[in-house]
2 protein chains.
Amino acid sequence: MKKSSEEILSSLASQGFRMTRLRKAIIGVFTGNGLPMSAEELMDILRAGNTAFNRTTVYREIGFLKARGVINEIQFLHERVKRYELASLEHHHHLVCLRCKRVEDIVLENDLADQERSILDSKGFHVTNHMLEFHGICRGCNR
Amino acid sequence: MKKSSEEILSSLASQGFRMTRLRKAIIGVFTGNGLPMSAEELMDILRAGNTAFNRTTVYREIGFLKARGVINEIQFLHERVKRYELASLEHHHHLVCLRCKRVEDIVLENDLADQERSILDSKGFHVTNHMLEFHGICRGCNR
DNA sequence: TTGACAAACGCAACTAAGTTGCATTAAACT
DNA sequence: AGTTTAATGCAACTTAGTTGCGTTTGTCAA
């Protein structure tokens, strides 16, 4: 399910896109980091690894990877920035702790299948996707 | 459940806040409009009703009503603007049609009670709130 | 009714987060 | 090595709000 940096790069290369220095670095960061990252955080990580970059190019690369389906965009409720994570992760949701602000992944067994069926029945609305975010207090903050 | 403009205003007045011209107008717009509205849309409606206003004051009023729990903030995934709706509406979620972009409300019977229980069991994370958005094709667009 | 007080307002300037246009550079194939 | 076009870098711009600060105006008490 979760793709490696090499798999992603060679799949892009096979579609005629180039393996540039920055593209490799950015895909490396995403494959090495589970949790949703903002553009700014991504740039901090690049900086920390001494990878030179230009803001515009980073934003364009994020747009590119999003358009190719390599990463997904996430918007947390109380934030103004967009976040991104690898699209090839297992379908999951996020638990956002209101106290420590940390984000945890959660995989729901059966997910929202029941709810989506009932939406189709009651509204005739055909759900193709959903986005769900839980807020609360994590185990660590609860004692 | 759904509060009237008068109920909201008198509750605010009882807490020492003033019934200003703009506050009345804005609360009137929210109580008269079911669906989540952006600051810009709110201002369009005020303009259409010949209510004079200042951008800053509208933003401050939104902040005020949010802080007092009169309205809730919503962030749709593919949008950059924040939206707001009356907090006293019944707990519900949104169906966003990918084709016509229209937003519909949905009230789930039983909501996410099962999922939240399983999150507490498996992660020790105590969910106090959640936010859920469904994407798909609405009945109208499906024929 | 008038005064005083703080809530609310209006203006201008600022900020965060990203976007666009355009000229330049550099992967990858021939 | 040459050519093509994807990718880059810079500067300027945009959107969606925010902040500071001096002014106005509801509301309550005298």
Side-chain angles (χ1 to χ4, degrees), chain A residues 5-6 8-30 36-47 51-68 70-84, chain B residues 5-6 8-30 36-47 51-68 70-84:
Chain A
S5 186
E6 292 70 36
I8 294 169
L9 279 165
S10 69
S11 149
L12 289 174
S14 77
Q15 298 167 68
F17 301 108
R18 296 176 186 170
M19 285 171 71
T20 63
R21 192 182 51 78
L22 190 62
R23 178 161 298 158
K24 280 186 235 174
I26 289 179
I27 292 176
V29 172
F30 276 113
M37 230 178 323
S38 67
E40 218 52 54
E41 286 171 359
L42 170 58
M43 292 191 242
D44 287 345
I45 295 173
L46 291 172
R47 214 173 274 122
T51 303
F53 61 88
N54 171 279
R55 254 162 42 84
T56 304
T57 309
V58 170
Y59 277 114
R60 282 205 267 240
E61 187 62 25
I62 288 174
F64 171 87
L65 295 174
K66 189 172 76 172
R68 299 280 82 69
V70 174
I71 57 176
N72 285 333
E73 189 174 271
I74 294 161
Q75 173 74 63
F76 286 132
L77 185 55
H78 301 298
E79 289 192 333
R80 70 199 283 149
V81 299
K82 303 269 184 199
R83 294 183 171 272
Y84 304 89
Chain B
S5 185
E6 292 70 35
I8 294 169
L9 279 163
S10 70
S11 148
L12 289 174
S14 76
Q15 296 167 70
F17 301 107
R18 296 176 186 170
M19 286 172 71
T20 63
R21 192 183 51 77
L22 189 61
R23 177 160 298 157
K24 280 185 233 174
I26 289 179
I27 292 176
V29 173
F30 276 113
M37 230 179 321
S38 67
E40 218 53 56
E41 286 171 359
L42 169 58
M43 292 191 243
D44 288 345
I45 296 173
L46 292 172
R47 215 171 274 122
T51 304
F53 62 88
N54 170 279
R55 255 163 42 84
T56 305
T57 310
V58 170
Y59 277 113
R60 283 206 267 241
E61 188 63 23
I62 288 174
F64 172 86
L65 295 174
K66 189 172 74 171
R68 303 269 95 60
V70 174
I71 58 177
N72 285 333
E73 189 174 272
I74 293 161
Q75 173 75 62
F76 286 133
L77 185 54
H78 301 298
E79 289 192 332
R80 69 199 287 145
V81 299
K82 304 268 183 199
R83 294 183 171 273
Y84 303 90

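Reminder, nothing fancy here: chain letters follow the sequence lines and each chain counts from 1.
Per the geometry, CZ belonging to Arg23(A) stands 13 Å off C1' belonging to dT5(D), to the nearest Å. At whole-Å resolution of the value, CG in Asn54(B) and P in dA13(C) are 14 Å apart. dG9(D) atom C1' lies 15 Å from atom CD of Glu61(A), rounded to whole Å. Atoms CZ (Phe53(A)) and C1' (dG9(D)) sit 13 Å apart, rounded to a whole Å. dT14(D) atom P lies 19 Å from atom CZ of Arg80(A), rounded to whole Å. One atom, CD1 of Ile27(A), and another, P of dA7(D), lie 11 Å apart when rounded to the nearest Å. dA6(D) atom P lies 16 Å from atom CG of Leu65(A), rounded to whole Å. Between the CZ atom of Phe64(B) and the P atom of dA6(C) there is a distance of 17 Å, given to the nearest Å.
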Stepwise side-chain contact (heavy atoms from CB on, under 4.5 Å) check, Leu42(A) with Phe30(A):
CA-CA 8 Å; Leu42(A) 170 58; Phe30(A) 276 113; 4.1 Å; yes

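Donor-acceptor pairing under 3.5 Å, judged by distance alone, is absent between the side chain of Arg55(B) and the base of dG10(C).
Using modelled atom types, no side-chain atom of Glu79(A) and backbone atom of Gln75(A) make a donor-acceptor pair closer than 3.5 Å. At least one donor-acceptor pair under 3.5 Å links the side chain of Arg23(B) to the backbone N or O of Arg18(B). A donor-acceptor pair is defined here as one N or O able to donate and one able to accept, closer than 3.5 Å; such a pair exists between the side chain of Lys82(B) and the backbone of Leu77(A). Arg55(B) places no side-chain N or O within 3.5 Å of a backbone atom of Met43(B) that could act as its donor or acceptor partner.
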Using a 4.0 Å heavy-atom cut-off, write out nucleotides 20-28 of chain D from 5' to 3' as B (base contacted by protein), S (sugar-phosphate only) or - (no contact).
BB---BBS-

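The listed nucleotides are dC9(C), dG18(C), dG9(D); the one nearest the side chain of Thr57(A) is dG9(D).
For dG18(C), the OP1/OP2 oxygens have a side-chain nitrogen or oxygen of Tyr59(A) closer than 4.0 Å.
Within the 4.5 Å cutoff, side-chain heavy atoms of Asp44(B) are placed close to those of Arg47(B). A 4.5 Å side-chain heavy-atom check between Glu40(B) and Val81(B) finds every atom pair outside the cut-off.
Across the interface with DNA chain C, nearest-nucleotide mapping of Gly16(B) and Lys82(A) shows Gly16(B) to be the residue nearer the 5′ end.
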